[in-house]
Amino acid sequence: MTVRIGVIGCGAVTYHCHLPALARVADARVVALADHDPVALERARARAPSASLLTVDALMQDGQVDAVLIATPTDAHAEMATRVARAGKHLYLEKPIATSAAQAADLRAIVAHHGVHAAVGFNRRQHPIYRRARACLRDGLIGHVHAVHSVFAEPVATAAMPIWKQTRATGGGVLLDLASHHIDLVRWLLDQEVDMVTARAESRESEHDVATMTLAMRDGTPVQGYYAFRSALADTIELHGECGVLRMDRHRHTITHATHRRFGYGTREARVPLGISWRERWRRLARPSEDPSYEAAWRAFVSLITGRPTEIASMDDGLASLHVVLAAEASALAGSPMRMTPR
């Protein structure tokens, strides 16, 4: 079975990440593209030359479309996803799922009511380094995790930043755009929900373009995070356990394990094998900037639709991450910690 994909929103993430990934998924085919920007639409067609260029309304009604990728600006996510679910089409929704808790809750209910398959674009769960790290944690490599340190920075000049990313009302800011990924990864890696959130946000050149956040997980584990559009490129998560430290670096595509020296005082560090094929290693050498998690996430989504066992971020995961972001924003505004309401 080939899953026929329609795409709504043909901006940078679609052009650079989703369309190249979909081109490598044998069981998926992009059949339709929609975007209000004709330049973005034409550029996307270069990646999917056989796709029809449609209006959003026409794509929603097209019987040749089985599933839809929503990759619009964030403030349109909930509305577009609602329309897709009501049209009876499966849904791959870029994160975050909405800009408010009410929108997100309504969307989850609508998706459940119409019985469509839905996944949220927390594709990093499918990345080899995070999957390997999760396996290491489950195998007890570093023992009980006592603390987590998270850094995600994507430097963007204000002049080059899309207008919608510059203000919170349209879904901008590092908490929604960057921290949401790490919130999801920490929940997934630790298999824990967040209990308490403390945050501080700054608006240096655009709204909420730098933030710090401290989470307390349900078991008390502290998670400290830094997220920025105004500092050097970085994407790392460190897990400090009772008998070692795991450090994931997405840009270097590595996991390192630091533990005690065999002799004398200090630590020694070694890379953790990722268990990937030689083909994947060669591809990494040939295209070092490529993120393999997009292709893996699309393979998982196609498996979900076709009834094969799979693991992929759900609407509930999207809602959980958003609730933490909203609590962080409330904490930054109030200057005090916010306790999460058990769901």
Side-chain angles (χ1 to χ4, degrees), residues 17 21 24 121-154 178-192 194 215 217 219 221-227 232-300 303 309-313 317 321:
C17 302
R24 295 189 292 271
F122 288 128
N123 51 287
R124 302 284 163 71
R125 290 188 181 202
Q126 310 295 332
H127 198 292
I129 65 169
Y130 301 118
R131 296 192 72 81
R132 184 73 180 107
R134 192 173 191 231
C136 288
L137 291 173
R138 291 185 166 187
D139 290 343
L141 180 64
I142 63 171
H144 177 72
V145 175
H146 287 285
V148 180
H149 188 234
S150 154
V151 176
F152 194 174
E154 288 278 345
L178 302 182
S180 58
H181 262 306
H182 277 209
I183 291 165
D184 180 71
L185 283 171
V186 168
R187 290 180 58 251
W188 180 70
L189 287 167
L190 300 183
D191 196 21
Q192 284 274 338
V194 177
L215 310 177
M217 307 305 287
D219 69 351
T221 303
V223 180
Q224 293 182 320
Y226 170 74
Y227 313 98
L233 190 67
D235 190 352
T236 61
I237 297 177
E238 288 184 353
L239 304 168
H240 294 256
E242 60 190 346
C243 52
V245 177
L246 276 183
R247 185 177 193 273
M248 293 145 273
D249 188 322
R250 182 174 64 89
H251 293 300
R252 296 183 65 190
H253 204 81
T254 58
I255 310 174
T256 56
H257 175 217
T259 189
H260 297 295
R261 289 186 185 277
R262 289 189 179 92
F263 305 102
Y265 177 77
T267 62
R268 57 190 172 91
E269 187 174 274
R271 284 198 180 190
V272 177
L274 297 181
I276 59 177
S277 68
W278 279 105
R279 177 177 173 272
E280 290 170 308
R281 293 182 191 181
W282 279 113
R283 200 167 93 186
R284 173 69 183 168
L285 288 171
R287 293 191 281 248
S289 298
E290 183 179 278
D291 187 334
S293 66
Y294 285 92
E295 179 181 341
W298 276 107
R299 291 187 186 280
S303 293
T310 191
E311 181 184 344
I312 194 167
D317 293 312
S321 175

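Along the sequence shown, the residues carry numbers beginning at 1. These figures come from a predicted structure and were not determined experimentally. Both backbone and side-chain heavy atoms feed into the values below; hydrogens, waters and symmetry mates do not.
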Over-ring placement of Arg279 relative to Trp282, 6.0 Å and 45° cut-offs
no
Would Val186 and Gln192 satisfy side chain to side chain contact (heavy atoms under 4.5 Å, CB included), going step by step from the backbone distance to the final call?
CA-CA 8 Å; Val186 168; Gln192 284 274 338; over 6 Å; no
Smallest separation among heavy atoms of Arg281 and Ile276, with atom names:
NE-O, 3.5 Å
Mind listing the closest non-hydrogen atom pair of His181 and Gly121 along with its distance?
CE1-O, 3.6 Å
Could you give the side-chain donor-acceptor pairs of residues 263-275 under 3.5 Å, partners two or more places apart or in another chain?
unit_1: Arg268; atom_1: NE; unit_2: His260; atom_2: O; d: 3.0

Given side chain to side chain contact (heavy atoms under 4.5 Å, CB included), test Asp235 with Asp249 step by step and report yes or no.
CA-CA 6 Å; Asp235 190 352; Asp249 188 322; 5.8 Å; no
Applying side chain to side chain contact (heavy atoms under 4.5 Å, CB included), can you list everything that pairs with Ser180, at least two apart in sequence or on another chain?
Lys95, Phe122, Ser321, Val325
Take Val194 and Met217 through the test side chain to side chain contact (heavy atoms under 4.5 Å, CB included) and record every step on the way to the result.
CA-CA 4 Å; Val194 177; Met217 307 305 287; 3.8 Å; yes
Nearest 0.5 Å, please: how far is OH in Tyr226 from NE2 in His149?
10.5 Å
Side-chain contact test, heavy atoms from C-beta onward, threshold under 4.5 Å: evaluate it for Tyr227 versus Glu154 and give yes or no.
no
In residues 290-300, what donor-acceptor pairs under 3.5 Å come from side-chain atoms, sequence neighbours left out?
unit_1: Glu290; atom_1: OE1; unit_2: Arg287; atom_2: NE; d: 2.9
unit_1: Glu290; atom_1: OE2; unit_2: Arg283; atom_2: NE; d: 2.9
unit_1: Glu290; atom_1: OE2; unit_2: Arg283; atom_2: NH2; d: 3.3
unit_1: Asp291; atom_1: OD1; unit_2: Ser293; atom_2: N; d: 2.9
unit_1: Asp291; atom_1: OD1; unit_2: Ser293; atom_2: OG; d: 2.6
unit_1: Asp291; atom_1: OD2; unit_2: Arg124; atom_2: NE; d: 3.3
unit_1: Asp291; atom_1: OD2; unit_2: Arg250; atom_2: NH1; d: 3.4
unit_1: Asp291; atom_1: OD2; unit_2: Ser293; atom_2: OG; d: 3.4
unit_1: Ser293; atom_1: OG; unit_2: Asn123; atom_2: ND2; d: 2.7
unit_1: Glu295; atom_1: OE1; unit_2: Arg24; atom_2: NE; d: 2.8
unit_1: Glu295; atom_1: OE1; unit_2: Arg283; atom_2: NH1; d: 3.2
unit_1: Glu295; atom_1: OE1; unit_2: Arg283; atom_2: NH2; d: 2.8
unit_1: Glu295; atom_1: OE2; unit_2: Arg299; atom_2: NE; d: 3.2
unit_1: Glu295; atom_1: OE2; unit_2: Arg299; atom_2: NH2; d: 2.7
unit_1: Trp298; atom_1: NE1; unit_2: His18; atom_2: ND1; d: 3.0
unit_1: Arg299; atom_1: NH2; unit_2: Arg24; atom_2: O; d: 2.6

For the pair Asp317 and Arg187, evaluate side chain to side chain contact (heavy atoms under 4.5 Å, CB included) and give the outcome as yes or no after the intermediate values.
CA-CA 9 Å; Asp317 293 312; Arg187 290 180 58 251; 3.4 Å; yes
Does anything in residues 126-150 form a salt bridge (Lys or Arg N to Asp or Glu O under 4.0 Å)? List the pairs, not counting sequence neighbours.
Arg134-Glu311
Residue list, ring-ring contact (aromatic ring centres under 6.0 Å, His included) with Tyr130, at least two apart or on another chain:
His127
Under 4.5 Å between any side-chain heavy atoms of Val148 and Leu190, yes or no?
yes
Please round to the nearest 0.5 Å and tell me the distance separating atom OG of Ser150 and atom CG of Leu185.
8.5 Å
Report, one line per pair, each donor and acceptor closer than 3.5 Å where one atom sits in a side chain of residues 237-246; sequence neighbours left out.
unit_1: Glu238; atom_1: OE1; unit_2: His240; atom_2: NE2; d: 3.1
unit_1: Glu238; atom_1: OE2; unit_2: Arg247; atom_2: NE; d: 2.9
unit_1: Glu242; atom_1: OE2; unit_2: His144; atom_2: N; d: 3.0

